[in-house]
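Input: a single structure, listed below in structure tokens.
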Amino acid sequence: MRCRLLIIAALILTTAPALKAQRVSIGTNIADYANFATFNLEIGYALEQHWSVFVKGSYNPFTFNYGTPKQIQHRLFSIEGGGRYWFWHANSGWFAGMKLQYSIYNYGGLVSRRTEEGMGYGTGLFAGYAIMLTPNLNLELGAGMVAGIRDYRKYKCQKCGEIISQGIGGYIFPDNLIIQLVYMF
């Protein structure tokens, strides 16, 4: 009996590295940091060979040139979740995905002094390619589109509080420029 246990233990220990499954991933999109230093974190889980799911949070609390006529902000809190279909294998090669997204935002000052704030609910489609840098580190490149509904208020300027329009409207625009570093466990 003891001999069998030793043989089984030896087999498990010698084959364990080959059995390692990298199902959990954590990543950050470098392109989001170029968007006025937006912090972001994505956690993913590979369900099986071709499917993975993820949840991502983004946060930007910054206002630049605060209190001046050239004040710029792109403040937001966003949470999204979705899935990816991997054409070859989870976390490797080409992928296509879909997501649901909720955002609270306040932006303005970049093109004009006008500011818009509100909440948005949407869905998006995206695609890309994952490049293996090391056995545990990937670089994902891709892009996508998002469409949805927003409840908004537009102001004449950042400080005056004069509302020039408000309402509920639809939107569609390019989203998710993906240049993401992903670490897999």
Side-chain angles (χ1 to χ4, degrees), residues 12 15-62 73-107 116-152 167-185:
I12 290 172
T15 60
L19 298 174
K20 182 179 177 187
Q22 295 174 332
R23 291 190 169 271
V24 178
S25 64
I26 187 166
T28 188
N29 191 354
I30 298 164
D32 281 353
Y33 293 102
N35 182 15
F36 298 101
T38 301
F39 301 115
N40 65 90
L41 183 69
E42 179 180 300
I43 298 171
Y45 183 76
L47 298 172
E48 54 118 31
Q49 181 178 355
H50 294 289
W51 289 98
S52 66
V53 293
F54 69 91
V55 64
K56 178 182 178 184
S58 301
Y59 178 65
N60 187 331
F62 302 116
Q73 75 259 3
H74 188 82
R75 296 188 303 252
L76 72 96
F77 169 76
S78 178
I79 187 140
E80 58 190 63
R84 286 187 176 96
Y85 178 80
W86 298 86
F87 293 96
W88 185 58
H89 195 278
N91 298 316
S92 185
W94 291 101
F95 63 86
M98 184 176 180
K99 67 178 182 172
L100 296 174
Q101 180 175 330
Y102 169 75
S103 299
I104 301 171
Y105 65 91
N106 181 325
Y107 66 84
E116 181 177 325
E117 70 178 8
M119 292 185 296
Y121 309 89
T123 186
L125 299 172
F126 58 92
Y129 188 80
I131 301 166
M132 289 181 62
L133 301 176
T134 70
N136 292 84
L137 187 65
N138 278 3
L139 175 65
E140 293 179 0
L141 305 171
M145 296 288 289
V146 66
I149 297 172
R150 73 185 199 277
D151 183 2
Y152 68 93
I168 297 175
Y171 64 88
I172 183 167
F173 56 83
D175 183 40
N176 262 11
L177 175 61
I178 303 167
I179 306 172
Q180 181 161 271
L181 283 175
V182 179
Y183 185 81
M184 293 157 297
F185 298 93

Below 3.5 Å, can you tabulate the donor-acceptor pairs from side chains in residues 125-132 to any protein atom, sequence neighbours excluded?
none

Does the side chain of Glu42 reach to within under 4.5 Å of the side chain of Ile178, using non-hydrogen atoms?
no
In chain order, what residues pass the side-chain hydrogen bond (donor to acceptor under 3.5 Å, both in side chains) check against Glu117, with sequence neighbours excluded?
Asn106, Arg153, Tyr155
Answer yes or no: are there more than 12 heavy-atom neighbours, outside Leu47 itself, under 6.0 Å from its atom CG?
yes
Aromatic plane relationship, Trp86 with Phe95 - under 30° parallel, 30 to 60° tilted, over 60° perpendicular
tilted
Donor-acceptor under 3.5 Å (Glu140 side chain, Ser92 main chain):
no
Can you find a heavy atom in the side chain of Tyr33 that is under 4.5 Å from one in the side chain of Phe39?
yes
Using every non-hydrogen atom in the two residues, find where Phe62 and Phe36 come nearest and quote the distance to one decimal.
CD1-O, 3.8 Å
Partner set under side-chain hydrogen bond (donor to acceptor under 3.5 Å, both in side chains) for Asp175, not counting sequence neighbours
Lys99
Residues in side-chain hydrogen bond (donor to acceptor under 3.5 Å, both in side chains) with Tyr171, at least two apart?
none
Heavy-atom pair with the smallest gap, counting every atom of Leu137 and Met184:
N-CE, 4.0 Å
Considering residues at least two apart in sequence or located in another chain, which fulfil the side-chain hydrogen bond (donor to acceptor under 3.5 Å, both in side chains) criterion with Tyr152?
none
Can you spot which of Asn138, Leu139, Leu141, Asn29 makes a side chain to side chain contact (heavy atoms under 4.5 Å, CB included) with Gln180?
Asn29
Looking at Gly83 and Phe54, what are the two nearest heavy atoms and their distance?
N-CE2, 3.7 Å
Minimal heavy-atom distance between His50 and Trp88, with the atoms involved, is CE1-O, 3.4 Å
With sequence neighbours left out, what residues match Ser58 under side chain to side chain contact (heavy atoms under 4.5 Å, CB included)?
Asp32, Thr38, Asn40, Lys56, Leu76, Ser78
Are any side-chain N or O atoms of Arg23 and backbone N or O atoms of Tyr45, one a donor and one an acceptor, separated by less than 3.5 Å?
no
